[in-house]
**Student:** 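Would you mind keeping the following structure in view while I ask a few things?
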Amino acid sequence: MFKAKLIDNKSYYSLRRKVLLYGFIPNIFIGIIFAFSGITLLYSVLIFLIIIAGVIIQHKTNKKFASTFGNKKIIIDYSSINIEGKKPADNHVFSIDSLDKIIIKESYQIPENSTKDIINEAKGITLKNFIAFTKDGVKTQYDFVVDSHYMLVQLDKIIAVWKNENRPLEFV
């Protein structure tokens, strides 16, 4: 069984990039302080104020970022895709047998899992994990956040079973 938090707001991707970039700002100025430890008191105070401002901006961005996901979750097993929310109206169950086509990625990853991923994120090349499907001609897509390697393995197992059962899969 695969479980992940759903992304409720598409601004998640731009905010994830901002969180990454704002995380570097205080570190850069701390590095400057250590590199030039002989700088004057005025410059030290100025750099300290910039660090404080960076931390405040980062905290506010983190709060916005946290609000873009986590209110709903997706649960995928061999026979169904379940969407669970805090409200009963947010709950949906889609039987795999009733879907016309399931659109999945070739591979799923944990965001910012490697240095290359971090550099791509800073450049604006965001990693998107999603599952989409069509039912009665209507396409539905759910973006989600994978938070552990274990969940990636679970999703791979489910996809392997779907392949063996000749489910209507489309890889993108």
**Student:** Between D77 (side chain only) and S80 (backbone N and O only), is there a donor and an acceptor less than 3.5 Å apart?
**Tutor:**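 Confirmed, D77 side chain pairs with S80 backbone.
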
**Student:** Please check if the distance between the ring centroids of F2 and Y78 is under 6.0 Å.
**Tutor:** no

**Student:** Could you tell me the separation between the NZ atom of K87 and the NZ atom of K72, rounded to the nearest 0.5 Å?
**Tutor:**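 Answer rounded to 0.5 Å: 8.5 Å.
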
**Student:** What's the spacing between I125 CD1 and I119 CD1 if we round to 0.5 Å?
**Tutor:**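 Between I125 CD1 and I119 CD1, I get 10.5 Å after rounding to 0.5 Å.
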
**Student:** Between F144 and I131, what is the shortest heavy-atom contact and its length?
**Tutor:** CE2-N, 3.7 Å

**Student:** Around H92, counting heavy atoms of other residues, nucleotides and ligands shown, do more than 12 lie under 6.0 Å from its NE2?
**Tutor:**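 Enclosed: over 12 neighbouring heavy atoms sit under 6.0 Å from NE2 of H92.
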
**Student:** If the condition is side-chain contact (heavy atoms from CB on, under 4.5 Å), which residues does K116 pass it with, not counting sequence neighbours?
**Tutor:** S114, N120

**Student:** Taking side chain as C-beta onward, heavy atoms only, is V153 less than 4.5 Å from L155?
**Tutor:**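 No; the side chains remain at least 4.5 Å from each other.
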
**Student:** Considering only residues two or more places apart or on different chains, which pairs with a residue in residues 121-133 satisfy side chain to side chain donor-acceptor pair (under 3.5 Å)?
**Tutor:** R16-E121

**Student:** Looking at residues at least two apart in the chain, or sitting in another chain, which of them share a ring-ring contact (aromatic ring centres under 6.0 Å, His included) with Y142?
**Tutor:** none

**Student:** Please report the shortest heavy-atom distance between V146 and P111, naming the atom on each side.
**Tutor:** O-CD, 3.8 Å

**Student:** Using side-chain contact (heavy atoms from CB on, under 4.5 Å) as the criterion, list what pairs up with F171, not counting sequence neighbours.
**Tutor:**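 By the side-chain contact (heavy atoms from CB on, under 4.5 Å) rule, F171 matches I104, E106, I159, K163, L169.
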
**Student:** A side-chain contact here means heavy atoms from C-beta on lying under 4.5 Å apart; do I96 and L99 qualify?
**Tutor:** yes

**Student:** Please examine the side chains of T134 and V138, heavy atoms only from C-beta on, and report whether any two atoms are closer than 4.5 Å.
**Tutor:** no

**Student:** Report yes or no: do V161 and I74 belong to one cluster of Ile/Leu/Val/Met/Phe/Trp/Tyr joined by side chain heavy-atom distances under 4.5 Å?
**Tutor:**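 Looking at the clustering, I74 is in the same group as V161.
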
**Student:** Just to verify, what does A53 make a side-chain contact (heavy atoms from CB on, under 4.5 Å) with, not counting sequence neighbours?
**Tutor:**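 If we apply the side-chain contact (heavy atoms from CB on, under 4.5 Å) test to A53, skipping adjacent residues, there are no hits.
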
**Student:** Sequence neighbours excluded, which residues qualify as salt bridge (Lys or Arg N to Asp or Glu O under 4.0 Å) partners of K157?
**Tutor:**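 Residues passing salt bridge (Lys or Arg N to Asp or Glu O under 4.0 Å) with K157: none at all.
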
**Student:** Nearest 0.5 Å please: distance from the CG atom of N91 over to the CD1 atom of I83.
**Tutor:**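 Those atoms lie 9.5 Å apart.
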
**Student:** To the nearest 0.5 Å, tell me how far L20 CG sits from Q58 CD.
**Tutor:** 10.0 Å

**Student:** Please list, chain by chain and in numerical order, all residues satisfying side-chain contact (heavy atoms from CB on, under 4.5 Å) with S148, sequence neighbours excluded.
**Tutor:**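 Expected list: Y150, M151.
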
**Student:** Looking at NZ of K5 and CG of D147, how far apart are the two atoms once the value is rounded to the nearest 0.5 Å?
**Tutor:**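 Reported value, rounded in 0.5 Å steps: 7.0 Å.
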
**Student:** Tell me, which pairs form a ring pair (Phe, Tyr, Trp, His ring centres under 6.0 Å) where one or both residues lie in residues 112-140, sequence neighbours left out?
**Tutor:**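 Passing the test, one end in residues 112-140: F94-F133.
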
**Student:** Taking C-beta and beyond as the side chain, do D117 and L127 meet within less than 4.5 Å on heavy atoms?
**Tutor:** no

**Student:** Which other residues belong to the hydrophobic cluster containing M1, where Ile, Leu, Val, Met, Phe, Trp and Tyr are joined when side-chain heavy atoms lie under 4.5 Å apart, directly or via other members?
**Tutor:**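 Grouped by the 4.5 Å side-chain rule, I75 form the rest of the cluster around M1.
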
**Student:** Can you list every salt bridge (Lys or Arg N to Asp or Glu O under 4.0 Å) pair that touches residues 92-102, not counting sequence neighbours?
**Tutor:**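 Pairs touching residues 92-102 that pass the test: D97-R167, K101-E170.
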
**Student:** Please list all pairs passing the salt bridge (Lys or Arg N to Asp or Glu O under 4.0 Å) test where one or both residues lie in residues 45-57, with sequence neighbours left out.
**Tutor:**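 Not a single pair qualifies under salt bridge (Lys or Arg N to Asp or Glu O under 4.0 Å).
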
**Student:** Report, as yes or no, whether the 6.0 Å neighbourhood of atom NZ on K3 holds more than 12 heavy atoms from other residues, nucleotides or ligands.
**Tutor:** no

**Student:** Which pairs count as salt bridge (Lys or Arg N to Asp or Glu O under 4.0 Å) when at least one residue sits in residues 131-143, sequence neighbours excluded?
**Tutor:** K10-D143

